Number of protein chains: 2
Amino acid sequence: MVSKRYPTSIEVARLAGVSQSAVSRTFTPGASVSARTREKVLAAAETLGFQPSLIPKIMLTDRSGLVALVVGGLENAFYARVVQSLAACLREAGNQIVLVPVDSDYTLDAVAARLAQYRVDAIVSALAVLSQDAAETLSASRIPVVSFNTPVTAARVGSVGSDNALGGRQAARLLHARDVRHPAFVAGPAISPASTERLTGFREALREAGRPEPRVGGSAYTYEGGAEAATQLCAEGPVDGIFCANDLCALGTIDALRRAGRRVPEDVRVIGYDDIPAAGWGGYDLTSFDQDVPALVEATLAMLARMSATDAAAGERVLIPPRLTERGSTRA
Amino acid sequence: MVSKRYPTSIEVARLAGVSQSAVSRTFTPGASVSARTREKVLAAAETLGFQPSLIPKIMLTDRSGLVALVVGGLENAFYARVVQSLAACLREAGNQIVLVPVDSDYTLDAVAARLAQYRVDAIVSALAVLSQDAAETLSASRIPVVSFNTPVTAARVGSVGSDNALGGRQAARLLHARDVRHPAFVAGPAISPASTERLTGFREALREAGRPEPRVGGSAYTYEGGAEAATQLCAEGPVDGIFCANDLCALGTIDALRRAGRRVPEDVRVIGYDDIPAAGWGGYDLTSFDQDVPALVEATLAMLARMSATDAAAGERVLIPPRLTERGSTRA
DNA sequence: TTGAAAGCGCTACCAG
DNA sequence: CTGGTAGCGCTTTCAA
């Protein structure tokens, strides 16, 4: 049997012996209904299993209460955490989350149109890489967009992220304090701004400290990518301190170093970024940067609020300072 | 400036000099419109930035194209993987995902009502623990529900999961083959059916093999929970083979064992469940059970399809056999 | 406090 | 192939 239609306010009204308007008012928080009417309505609604539909309201207001969350790899625990935190906060505000996992920019184009058709109120893009083209597509949908961790600029697009350059500088200073002579950087995808910014800060502070230029390897935000990069860096020359673009890379780096017979931290110090749970696991004990997810999420929601109220905040960028969490992988 | 309303088909019609119906037909896949009309309409739509709203259609059909996905801990990479896979398949079918992260059953009640108000077409519950009460709540919403990994029974609720008992039996046989004398089980939450079923199968096959009853510890699906349980099990008596309710527990178990000076696998063999990426990481090299996410997801979608077509499939339960992935933690 | 009526933007049906 | 018209289920005036 095909799904029966939902009961409507008219049916409830009929059963309760009141007008449809009375039913609507009963379910409208601040409306004026006599206790008697309300009671009759609630009873009728109960027996019919009536749940007022939100759909007509959306039609009336063009506001759906839906916020789209575009994400790349949820396999990175950092993003899993961001999604959960964002979802919890949005729910608090009475919004629902439409999750849109995306593999490549390609799929994003189709997605943006679909989201517009659902009249989502806002889009949060938590993609490690968001191309300018993709940003324009999103922007064209006339829906406010906050780009998480990728500093794109376009109309109606703002961005929030960790202060990656600052993190990079702190990493350099820590390795300097540990007297590292041969620093290296294990990068994420070449087009990832977060990776690039971390490297820039790292490089600058290394230079200021009078340390040599870091050698650079790697091109993926994955465990395997980190392992490969580390193996190669070791093969190419001396290394005694590695800053990795994220924790997943750093864990792969540590395992690859150990397979190559290098001890961490005695022979090589390693630093990651994100402070995912695995960083604290016994086998790794990885020093890392906590991006401060709660602050990031709060800034995102605040920006979204500003954007939907006015057109201000578009093009804005908010940076949250990361917090260094020192663990065994950089022990003196 | 408050968000301007979206352009409507009427405005497009006016600009194109055709009727509103013509606009509608232009955007309806199999409809009959002359090439000339279509062209005029598309041009007008383009200049106005028109995206036909899906909302009125929902009102007409009571089908939103939205599928709710209720999840607990996304920090477990297994669930992150399930979410991604489910999302990808649903999108293929033209559905959008509404993500509903939930901490406790408590929040679930409120959520079910809200989902009904959005007229979601189906609910997939990927909660490690779904109480009977919560299932009833969901069931009461008259929306088809598939419970992922929790065998609840209620009207309009079906379930799909890994064959946990089978996995438990295989784990026992593997430890038997390694001549384990003092088996133990690190459990998840006491009320988690998956954990209980895994233990049941483990126990049975151990008994059949003539091995002693396993000692049992633990009560959380987390790294820390596994570590604590292992520490306690070691303190209480001899252990040389541990089957853990999931991989997160197993990784905590391995680290705790090593901290206690026990070698894995030489002194203690360890088996997990889920086969998350970290299981393959060098530091752990954990033997585990792959739940076969693609098969699980396919079964879920098939069941959903059956349920929305008819009332059949309610109360049904589909089991997918897990696949053992042997790694170093159970080496001979 | 109540009920009647208009209208949100679309699809579906009808007559031309 | 086209344009007119009738709703879908609500919220929101407006009178009573």
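Remember, it's a predicted structure, so these values are computed and weren't measured experimentally. Each chain gets a letter, A, B and so on, in the order its sequence line appears, and its residues count up from 1.
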B:Ser53 near the nucleic acid: base, sugar-phosphate alone, or nothing, with a heavy-atom cut-off under 4.0 Å? sugar-phosphate
Report the relative orientation of the aromatic rings in B:Phe148 and B:Phe78; use parallel for angles under 30°, tilted for 30 to 60°, perpendicular for over 60°. tilted
Rounded interatomic separation in angstrom, taking OH from A:Tyr6 and P from D:dC10: 12 Å
Examine C:dG3: is either OP1 or OP2 under 4.0 Å from a nitrogen or oxygen in the side chain of A:Ser21? Give yes or no. no
Could you list, one pair per line, each protein nitrogen or oxygen that sits under 3.5 Å from a nitrogen or oxygen of nucleotides 6-8 of chain C, together with the distance?
unit_1, atom_1, unit_2, atom_2, d
C:dC8, O3', B:Arg5, NH2, 3.2

Quick one, which residues of residues 29-41 of chain A touch DNA chain D with a heavy atom under 4.0 Å? none
May I ask you to verify if any side-chain N or O of A:Ser9 is less than 4.0 angstrom from the OP1 or OP2 atom of D:dC10? yes
B:Lys57 NZ to C:dG9 P, straight-line distance once rounded to whole Å: 17 Å
So for the helix from C:dT1-D:dA16 to C:dG16-D:dC1, with five pairs setting each end axis, what is the inter-axis angle to 10°? 40°
Looking only at side-chain N and O atoms, does B:Thr37 offer a donor or acceptor that is under 3.5 Å from a partner on B:Ser34? yes
Determine the contact category for A:Phe50: base if any of its heavy atoms lies under 4.0 Å from a base atom, sugar-phosphate if only primed atoms, P, OP1 or OP2 are that close, otherwise nothing. sugar-phosphate
Testing the 3.5 Å rule here: is there a donor-acceptor pair between the side chains of B:Ser64 and B:Tyr118? no
Please identify which of these residues, B:Val318, B:Leu319, B:Val160, meets the side chain to side chain contact (heavy atoms under 4.5 Å, CB included) condition with B:Leu296. B:Val160
